[in-house]
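Computed from heavy atoms alone, side chains included, the values below leave out hydrogens, waters and symmetry copies. Order of the sequence lines fixes the chain letters, A, B, ..., with proteins taken first and strands second; residue numbering starts at 1 for each chain.
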2 protein chains.
Amino acid sequence: MAERVPSTPSVTPDVDLGESPVAAVAPTAGDHGRPRRSEATRAAILAAAKDRFAADGYERATIRAIARDAGIDPSMVMRYYGNKEGLFAAASEIDLHAPDLTGVPHDELGARLVRHFLERWECDETLTAMMRVGVTNEAGAERMRGVFAGQIGPVLAAVCPVPDQAATRAALIASQVLGMALCRYVLHIPPAVGLDHDEVVAWLAPTIQRYLTAEHP
Amino acid sequence: MAERVPSTPSVTPDVDLGESPVAAVAPTAGDHGRPRRSEATRAAILAAAKDRFAADGYERATIRAIARDAGIDPSMVMRYYGNKEGLFAAASEIDLHAPDLTGVPHDELGARLVRHFLERWECDETLTAMMRVGVTNEAGAERMRGVFAGQIGPVLAAVCPVPDQAATRAALIASQVLGMALCRYVLHIPPAVGLDHDEVVAWLAPTIQRYLTAEHP
DNA sequence: CTGGCATGTCAACACGCGTTGGCCTACAGT
DNA sequence: ACTGTAGGCCAACGCGTGTTGACATGCCAG
């Protein structure tokens, strides 16, 4: 129970949990171009995991349910992703595709940002999953802070006219964007769900614009 | 196993789950002013439940842990609150104390609202609990929609200069307020945590003000 | 053809959960 | 003093969980 030397020589639980959170793309066609058959399974597991985490949150998204969705045995999940935490780490890999805003007219920044995140949020369920898990699970919260610091912060800092307040202003923008996502996609508050894209942009863009470019109030 | 007629004549599981979600104040000193001894226990359970739900969310807040915190046996929780759902219903009883805003100068509405909710959010953990649970649990989400429709909506509708848009505008305000709460109290995004009350008010008040009173953009 | 390894299934494990019913204790009414 | 009952504890139940290791299968190199 103390040590965990892989005694079975055949099975290699090829998960690199802990270091390099890029993870889970790991042991594919590294050598001679022939992709391993397991790639399809890995992908199926990952897709099912994203769905379940998004729909149920961390605790209620059981490995058994994910495996059932993926059409394989629960032990496969363990083999490929080590444990539930590792699976979540892989499933919550996020690329916001935050656009390069340098060159965008300053008075269009707000609208561009709102529209981008609206589309990004609706194109797959990963962001909903991240939010559902981030609220209950410390690892999920850490991941969200990481996305904020690594992907939102820098992009906004590049165009913020008050560079030393960039972090604060990014947090304000995050609060409005995440708040709208929470009301629309998670809590399903009716009037928030009822708005169409253009209306959301029309309402939120001036707010984002002000948080980004206004003088400190 | 099929029917559940209380066979033991002594124990009366006095929980009114289902009807009148005011609940859990139930069987106190109804008769001659002599409070039952159990009131202290009920209160201890409720306090512990609020803490645990706030800290851990619905699934990870176990009845056993709540009972341990309250210094009593898990079966007591069942006796007083029926089941876990009933306990949560009682623990998430919420009164926003939404202030009457009629009479407040129109250009101060934003600041008043922001400051009120900031203080309300920090005075106890019930709101954090509601948010943590509302994100993962449908009953929790329903409760949040109820608070929105029953406590936030009406107060704002009373002062909204565009009455037929009051619901939409209330949702926008909720999105900003809940978003800031999410970033500060749940996700602990550093720049959001670092703001003091006055700074939050200074940044958010104009947003709220605009959502409430501006013309439709 | 044969051996080895990747892929996948099956059955079981230990554990913690919500929940239950029986039992003990102390106190209030008579 | 006796008794009923409210308040509380205890041990157990059935279940679903994450996780494990032994076993089956099929593919590819030699």
Side-chain angles (χ1 to χ4, degrees), chain A residues 1 3-15 17 26-45 49 52 56-68 70-88, chain B residues 1-15 17 26-45 49 52 56-68 70-88 137:
Chain A
M1 191 188 286
E3 69 255 304
R4 172 68 180 84
V5 186
S7 54
T8 60
S10 63
V11 178
T12 61
D14 45 15
V15 66
L17 196 141
T28 170
D31 17 340
H32 299 83
R34 178 177 49 78
R36 299 196 187 180
R37 272 192 304 127
S38 66
E39 276 308 297
T41 304
R42 295 182 79 97
I45 293 174
R52 283 283 172 178
D56 296 339
Y58 188 81
E59 336 286 336
R60 283 185 20 213
T62 69
I63 287 193
R64 285 166 147 96
I66 291 169
R68 204 180 315 126
I72 47 92
D73 190 86
S75 61
M76 292 273 80
V77 178
M78 310 306 295
R79 195 199 291 279
Y80 289 140
Y81 296 99
N83 53 30
K84 191 176 180 180
E85 232 178 281
L87 175 63
F88 172 71
Chain B
M1 192 187 286
E3 69 255 305
R4 172 68 180 85
V5 186
S7 54
T8 60
S10 63
V11 178
T12 61
D14 44 16
V15 67
L17 198 142
T28 169
D31 17 339
H32 298 84
R34 178 178 47 79
R36 299 198 188 181
R37 274 193 300 128
S38 67
E39 276 309 296
T41 304
R42 294 181 82 96
I45 293 174
R52 282 283 172 179
D56 296 338
Y58 189 80
E59 337 285 336
R60 284 187 17 215
T62 69
I63 288 194
R64 286 166 146 96
I66 291 168
R68 206 178 315 126
I72 48 92
D73 189 86
S75 62
M76 292 275 84
V77 178
M78 310 305 294
R79 196 203 291 274
Y80 289 139
Y81 295 99
N83 54 29
K84 190 176 181 179
E85 233 177 281
L87 176 61
F88 172 71
N137 184 275

*Let me see the working for B:Ile63 and B:Asn83 under side-chain contact (heavy atoms from CB on, under 4.5 Å), right down to the final yes or no.*
CA-CA 9 Å; B:Ile63 288 194; B:Asn83 54 29; over 6 Å; no
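- Atom CZ in B:Arg42 sits about 14 Å away from atom P in D:dA6, given to the nearest Å.
- The side-chain hydrogen bond (donor to acceptor under 3.5 Å, both in side chains) test applied to A:Thr62 returns no partner, not counting sequence neighbours.
- With sequence neighbours excluded, the residues forming a side chain to side chain contact (heavy atoms under 4.5 Å, CB included) with B:Ala61 are B:Arg52, B:Phe53, B:Asp56, listed by chain and number.
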Counting primed atoms, P, OP1 and OP2 as sugar-phosphate and everything else as base, the B/S/- map of nucleotides 9-19 of chain C against protein heavy atoms under 4.0 Å is BB-B----BBS
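- Here the side chain of A:Tyr81 pairs a donor or acceptor atom with the backbone of A:Arg42 at under 3.5 angstrom.
- No side-chain heavy atom of B:Tyr58 sits under 4.5 Å from any side-chain heavy atom of A:Glu59.
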